[in-house]
Amino acid sequence: MKNFPVIRIWEGCDPTVAEAIRQFQDRWRPYSGASRGKRIDRLIQELIDPAVARYAASLPQQYLSYMPGAGGVVTLSDIVRLVGLNSMARLQRQLLRAFVSTQAEETARDQRFVATLETLLDLIRACARKPPLKAKVRDTRLNGRRAQEFCRLCGAPAELTAFAVGNDNTKRDDPGDVLRLSSVYCTDHRPQLPNGDWNPAYRKAKRSLAQFDMELARLTKQSGNWKKVEAQSGDPLVDSYIYHFIRKHHLRPGDEAELRDHARRMADGKLSDRKKQMVMLERYGVSQSDAARRLGVERQAVSKALAALPSEFRQLPNLLGFPAYFLVSTKEAN
Ligand SMILES: [Zn+2]
């Protein structure tokens, strides 16, 4: 199973679907989206369609429209054939988000439903990434090691992973084939350039590795719950910043590449916790002088920091309906 993506079965997933995916993973080695004889949609049809149908039969009608292939007429494998794996994953992602944002309260059945949707989305994403078995030349170059899926420093695939799934872009600056492909870093973050110099993007990203890891952990934690503040940063303003950031971008725990990219952009954009606090106070309508007093800095420092902040970090959705206790704790601290 070397170099193949792993399909993640989310905790709480429907057991029938989970078992079908385990069997799928045992058997999918010769199958792929690109292969003619062993088309992966056939394996989906054989193993996943019946499991989805069984689970769907246990659900009330209003759930079915969020789960592609659950309606009983068109199956999951039918839709994959109609629109392809990548569009299928986009569709599943949108429906999952729609379900999560419309549910007023979370019942045990909702939780199982969400975990099952996450699992099925991961299945389709893994199918889309899976390389065809016939790429023998590439497989030997990988030398039997399991390629790491993501770059250590961002959300892009590591060079070796990208190459293994057929992306020749990894060699775009290296026509002479001087460099060994990295199993740890993506093309943008590889330590050395083809001319032997250190790569400045690598050095820059490496310096902010601790912040990257910290932001990624917070974002991941918060992405599992859109209704409660979860980041546990130790500061309520930072927590609420992460909460709004996740809601703005509609991120779920399965969006690993996106979560990693956001964490990298936060680190590269020097979005410190102090700046997050400033943005939140601004969003609550606190004046810059009051914000400066609360944070123990000069007013000019607040206005300068906010003005220099890229708009992607300063613009958050409006705060209507946000738990008022954050406002209270802001006042109490004064
Ligand atoms: Zn990278």
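Not measured: the values here are computed from a predicted model. One-based numbering along the sequence shown.
- Heavy-atom minimum distance, Gln277 versus Leu295: OE1-CD2, 3.5 Å.
- The two residues Leu216 and Arg260 have their closest heavy-atom pair at CD2-NH1, 3.6 Å.
- Formation of a donor-acceptor pair under 3.5 Å by the Glu258 side chain with backbone atoms of Leu251 is not found in this model.
- Judged by distance alone, with hydrogens and angles left aside, the side-chain atoms of Gln211 form a donor-acceptor pair with the main-chain N or O of Leu271 at under 3.5 Å.
- With values rounded to the nearest 0.5 angstrom, Arg27 atom CZ is found 5.5 Å from Leu43 atom CG.
- Judged by distance alone, with hydrogens and angles left aside, the side-chain atoms of Asp14 form no donor-acceptor pair with the main-chain N or O of Arg112 at under 3.5 Å.
- Linking ILVMFWY residues whenever their side-chain heavy atoms come closer than 4.5 Å, directly or via other members, leaves Leu47 and Trp10 in distinct clusters.
- Note: Phe150 CZ to Leu259 CG = 9.0 Å, rounded to the nearest 0.5 Å.
- Cluster membership check: Met214 does not share its hydrophobic cluster with Val229, using side-chain heavy-atom separations under 4.5 Å among Ile, Leu, Val, Met, Phe, Trp and Tyr.
- For Gln111, the CD atom is densely surrounded, since the number of other residues' heavy atoms within 6.0 Å is greater than 12.
- Taking all atoms of both residues into account, the shortest heavy-atom contact from Thr220 to Ser223 is O-OG, 2.7 Å.
- Using the six-membered ring where Trp is involved, Tyr241 and Phe245 have ring planes that are parallel, under 30° apart on the 30 and 60° scheme.
- Cluster annotation: Leu121 and Ile9 are assigned to the same hydrophobic cluster (Ile/Leu/Val/Met/Phe/Trp/Tyr, side-chain heavy-atom contacts under 4.5 Å, transitive).
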In a table with atom names and distances, give each donor-acceptor pair under 3.5 Å that connects a side chain of residues 58-75 to protein atoms at least two apart or in another chain.
unit_1 : atom_1 : unit_2 : atom_2 : d
Ser58  : OG     : Tyr55  : O      : 2.6
Tyr63  : OH     : Arg109 : NE     : 3.4
Tyr63  : OH     : Asp110 : OD1    : 2.6
Thr75  : OG1    : Asp49  : OD2    : 3.1
Thr75  : OG1    : Ser77  : OG     : 3.2
Thr75  : OG1    : Asp78  : N      : 3.2
Thr75  : OG1    : Asp78  : OD2    : 3.1

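- Using a distance-only test at 3.5 Å, with no hydrogens or angles considered, a donor-acceptor pair links the side chain of Asp239 to the main chain of Ser233.
- Listed by chain and residue number, Arg252 satisfy the side-chain hydrogen bond (donor to acceptor under 3.5 Å, both in side chains) test with Glu118 (two or more places apart in sequence, or in another chain).
- No donor-acceptor distance shorter than 3.5 angstrom exists from the side chain of Asp41 to the backbone of Val80, with no hydrogens or angles considered.
- Once rounded to the nearest 0.5 Å, the distance linking CD1 of Ile246 with CG of Leu316 reads 11.5 Å.
- Within a 6.0 Å sphere centred on NZ of Lys304, heavy atoms belonging to other residues, nucleotides or ligands number 12 at most.
- Contact annotation: the side chain of Phe313 never approaches that of Lys275 to less than 4.5 Å [non-hydrogen atoms, C-beta and beyond].
- Contact check for Asp255 versus Arg93: side-chain heavy atoms found under the 4.5 Å cut-off.
- Rounding to the nearest 0.5 Å gives a distance of 11.5 Å between CE of Met278 and CG of Leu237.
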Which is it for Arg293 and Asp290 under the salt bridge (charged side-chain N to carboxylate O under 4.0 Å, His left out) test, yes or no, and what are the steps along the way? CA-CA 5 Å; Arg293 238 193 319 280; Asp290 284 349; 2.4 Å; yes

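- Side chain of Asp235 to main chain of Val238: a donor-acceptor pair is present (N/O by atom type, distance under 3.5 Å, no hydrogens or angles).
- Nearest heavy-atom pair across Cys154 and Phe212 is N-CZ, 4.0 Å.
- Using a 4.5 Å cut-off on side-chain heavy atoms (C-beta onward), Cys151 and Thr187 make no contact.
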Checking salt bridge (charged side-chain N to carboxylate O under 4.0 Å, His left out) for the pair Arg54/Glu19: CA distance, chi angles, key distance, verdict? CA-CA 12 Å; Arg54 266 204 299 283; Glu19 180 48 36; over 6 Å; no

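- Within the 4.5 Å cutoff, no side-chain heavy atoms of Leu117 are placed close to those of Leu95.
- Between the side chain of Lys276 and the backbone N or O of Ile242 there is no donor-acceptor pair closer than 3.5 Å.
- Taken together through direct or relayed side-chain contacts under 4.5 Å among Ile, Leu, Val, Met, Phe, Trp and Tyr, Ile44 and Leu82 form part of one hydrophobic cluster.
- When side chains are defined from C-beta on, Ile48 counts as touching Leu120, because their heavy atoms get closer than 4.5 Å.
- Between the side chain of Asp122 and the main chain of Arg8, a donor-acceptor pair closer than 3.5 Å is present.
- Between Thr116 and Cys13, the closest side-chain pair of non-hydrogen atoms falls below 4.5 Å.
- Across all non-hydrogen atoms, the minimal contact from Asp261 to Gly155 is OD1-N, 3.1 Å.
- Using a distance-only test at 3.5 Å, with no hydrogens or angles considered, no donor-acceptor pair links the side chain of Glu312 to the main chain of Gln315.
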Could you go through residues 201-210 and list every donor-acceptor pair under 3.5 Å that involves a side-chain atom there, pairing it with any protein atom two or more places apart or in another chain?
unit_1 : atom_1 : unit_2 : atom_2 : d
Lys206 : NZ     : Tyr185 : OH     : 3.0
Ser208 : OG     : Ala205 : O      : 3.3
Ser208 : OG     : Arg264 : NH1    : 2.9

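- Minimum heavy-atom separation, Glu159 to Cys186: CG-C, 3.7 Å.
- Side-chain contact annotation: Gln45 with Arg42, donor-acceptor N/O pair under 3.5 Å absent.
- In this structure, CD on Gln232 lies 11.0 Å from CZ on Arg218, to the nearest 0.5 angstrom.
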For Trp226 and Arg97, what are the C-alpha separation, side-chain angles and deciding distance, and is it a side-chain contact (heavy atoms from CB on, under 4.5 Å)? CA-CA 10 Å; Trp226 288 5; Arg97 274 155 185 67; 3.5 Å; yes

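- Considering only heavy atoms from C-beta on, Glu149 stays 4.5 Å or farther from Glu256 through its side chain.
- Checked by atom type and distance alone, the side chain of Arg125 never pairs as donor or acceptor with a backbone atom of Ala89 at under 3.5 Å.
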Apply side-chain contact (heavy atoms from CB on, under 4.5 Å) to residues Arg81 and Arg39 and explain how you reach the verdict. CA-CA 10 Å; Arg81 274 180 215 118; Arg39 280 172 27 202; 3.7 Å; yes

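- Here the straight-line distance linking atom CG of Leu123 with atom CD1 of Ile40 works out to 8.0 Å at 0.5 Å rounding.
- The shortest distance between side-chain heavy atoms of Gln92 and Met88 falls below 4.5 Å.
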